[in-house]
Amino acid sequence: MSVFDTLKERGFIAQVTHENEIRELFDKEKVSFYIGFDPTADSLHVGHFLGMMVMAHMQQAGHRPICLIGGGTATVGDPSGKTDMRKMMTDEVIAHNCECFKKQMQRFIDFSDGKALMVNNGDWLKKLNYIEMLRDIGPHFSVNRMLTAECYKQRMEKGLTFLEFNYMIMQAYDFMELNHRYDCKLEMGGDDQWSNIIAGVELIRRKEAKAAFGLTFTLLTTSEGKKMGKTEKGALWLDPAKTSPYEFYQYWRNVTDADVEKCLALLTFLPMKEVKRLGSLQDQAINDAKKVLAFEVTKLIHGEAEALSAQQAAEALFNGTGNLDNVPTIELSEADFGLKLLDLLAREGVFASKSEGRRLIQQNGLSLQDEKITDVDFVLSKELFSEKSLLVKKGKKKYYRLVIA
RNA sequence: GGGUAGGUGCCCGAGUGGUUAAAGGGAGCAGACUGUAAAUCUGCCAACUUCGGUUUACGAUGGUUCGAAUCCAUCCCUGCCCA
């Protein structure tokens with residue numbers, strides 16, 4: 001089966017510029033293709049993960065992924081966030097972020113022997129001479145046409161700065177540059193990148209009279225159309241220091257029924273037959289599919305050992321089997337006894353604020369060893385520790401283990 | 001540069017001198033129900049609190065007033081129209 005069909009079958013593909021040619025291209029040569037990542041944080045998140053899955057599938061089929069890190073674009077600051085201009089990032093920070101990205105990507109993408117490349121567009125964008133570039137590629141862009149792009153349409157009402165308008169041109173330029181340097185023929189990206197991608201494809205076709213292609217993949221959204229991968233704390237990070245493997249596991253364990261099949265297809269390498277079987281489970285049985293999903297995705301990101309630990313912790317908490325060692329743990333020192341539980345948990349970040357914690361307790365949302373805590377002033381005493389750890393439950397399914405250090 | 005409409009809590013959006021920590025909706029959180037699901041219903045949703053309150057908040061800064069998100073001045077930002 002060709003990769004194209006694999007991607008299609010698994011539901012990755014949203015739009016393609018030239019379906020037949022791309023299909024043919026995939027069959028007859030090793031294609032260099034690229035996906036861009038903006039190094040705006042020191043960790044990738046699930047949004048990026050989808051792109052990496054695409055790269056992994058492609059690499060398995062013998063093609064060459066190029067990870068383009070937007071070091072150049074990040075120095076400018078992408079204004080799409082609007083309200084406040086993103087702070088300019090220093091080269092050191094960007095370099096650091098790139099390193100972090102690479103480490104995380106290495107788990108899925110094989111960078112050895114040039115089987116995949118990682119490049120930074122700062123290498124060429126920063127050297128650009130404005131006049132030269134303008135004369136060079138400016139004539140190939142029609143403003144009239146650019147303005148009809150879907151991504152700008154909505155912005156026409158809200159306001160659009162030149163900086164932002166210019167983004168498409170920079171991205172198109174990137175594609176052309178990669179085409180020169182590495183014979184990169186295909187740009188991929190999330191479906192929101194469609195306009196930017198075709199800008200690059202057209203630039204290469206017009207200016208170089210060479211073939212270039214674009215393909216976008218489905219954005220990871222819930223069945224309600226909301227962006228997936230949001231937790232109460234923000235993004236679902238791939239860095240275990242930012243999102244623990246347990247939290248990560250729980251996120252996937254809790255996706256809604258309707259999203260299970262889609263997630264399995266996009267975020268795991270399970271054969272489609274199995275994906276379909278699991279996705280078709282009904283009612284209680286679909287919980288098994290969610291367990292598989294959570295385990296597989298956690299394994300891909302954090303490795304099998306961590307996935308097993310997370311799974312065990314979950315089993316221990318929700319089924320009462322297995323040990324609790326891997327449950328998120330808060331270590332207490334002698335000095336903590338005598339503190340109000342509320343203060344302690346607020347300090348540890350379990351509650352965003354004391355008010356929130358107080359509210360939660362008043363609403364019966366907190367329990368200690370399965371006993372509801374109803375007293376806001378409940379004090380943590382050493383006598384409570386008849387066993388070596390105490391289990392705190394916040395809300396319906398968030399657990400923390402208190403242990404004496 | 002001129003004219004004009006605006007800038008309200010996480011987001012959208014009402015509010016034109018006091019009863020407004022600010023309607024309504026969305027998001028989020030908690031409780032009930034369940035399958036660690038969805039839907040539904042209920043409550044909460046600035047921070048701190050000795051639970052009586054206190055302190056911050058309606059673009060920014062000053063001012064008028066017993067009292068301002070609401071009035072005035074200046075400034076910053078955005079849309080639209082004109083140049």
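Predicted, not measured: the structure shown is a model, and the values here were computed from it. Protein chains get the first letters and strands the later ones, always in sequence-line order, with residue 1 at the start of each.
A straight line from NZ of A:Lys290 to P of B:A37 spans 7 Å, rounded to a whole angstrom. B:C51 atom P lies 11 Å from atom CZ of A:Arg358, rounded to whole Å. One atom, CZ of A:Phe351, and another, C1' of B:C29, lie 12 Å apart when rounded to the nearest Å.
Of the listed residues (A:Met53, A:Arg107, A:Met52), just one forms a side chain to side chain contact (heavy atoms under 4.5 Å, CB included) with A:Leu300, and that residue is A:Met53.
Contact annotation: A:Lys398 side-chain N/O to B:U36 OP1/OP2 distance is not under 4.0 Å. Contact annotation: A:Lys397 reaches the phosphate of B:A37 (side-chain N/O to OP1 or OP2, under 4.0 Å).
Side chain to side chain, A:Asn121 and A:Lys126 fail the donor-acceptor criterion of an N or O pair below 3.5 Å. Side chain to side chain, A:Asp174 and A:Gln171 fail the donor-acceptor criterion of an N or O pair below 3.5 Å.
The residue A:Arg253 sits close to a base: some heavy atom pair falls under 4.0 Å. Among the heavy atoms of the strands, none lies under 4.0 Å from A:Leu317. As judged by a 4.0 angstrom heavy-atom cut-off over every strand, A:Gln250 is placed among the base-contacting residues.
In the set B:G31, B:C48, B:C29, the nucleotide with an atom closest to the side chain of A:Asn364 is B:G31. Among B:U36, B:G35, B:C48, the nucleotide with an atom closest to any side-chain atom of A:Lys354 is B:C48. Residue A:Ala314 places its side chain closer to B:U36 than to any other of B:G35, B:U36, B:U34. The A:Ser353 side chain lies nearest to B:C48 when the options are B:C33, B:G35, B:C48. If you check B:A47, B:C29, B:G35 against the side chain of A:Ser355, the one that comes closest is B:A47. Proximity note for A:Arg359 (side chain, C-beta onward) versus B:C51, B:G31, B:A47: the nearest is B:A47. Taking only side-chain atoms of A:Asn254, from C-beta outward, the nucleotide of B:U49, B:G31, B:U36 with the closest atom is B:U36. You'll find that the side chain of A:Leu360 is closest to B:A30, out of B:U36, B:A30, B:C33.
When each of A:Gly395 and A:Glu315 is assigned the nucleotide of RNA chain B with its nearest heavy atom, A:Gly395 is the one assigned upstream, toward the 5' end. Along RNA chain B, the nucleotide nearest to A:Phe318 and the one nearest to A:Val376 differ in position, and the one closer to the 5' end is contacted by A:Phe318.
Ring geometry for A:His45 against A:Trp237 counts as perpendicular: the plane angle is over 60°, on a 0 to 90° scale with 30° as the lower cut.
In this structure B:A73 sits in a base pair with B:U61, meeting the Watson-Crick or G-U test at under 3.5 Å. Pairing for B:G79 goes to B:U4, judged as Watson-Crick or G-U wobble with the two contacts each under 3.5 Å.
For the C1' atom pair drawn from B:U55 and B:G62, the interatomic distance equals 22 Å after rounding to whole Å. Rounded to whole Å, the separation between the P atoms of B:U64 and B:A30 comes to 49 Å.
Judged by distance alone, with hydrogens and angles left aside, A:Gln363 brings no side-chain donor or acceptor close enough to the base of B:G31 to form a pair under 3.5 Å.
The pair A:Lys382-A:Glu334 meets the salt-bridge criterion, with a side-chain N (NZ, NE, NH1 or NH2) lying under 4.0 Å from an Asp/Glu carboxylate O.
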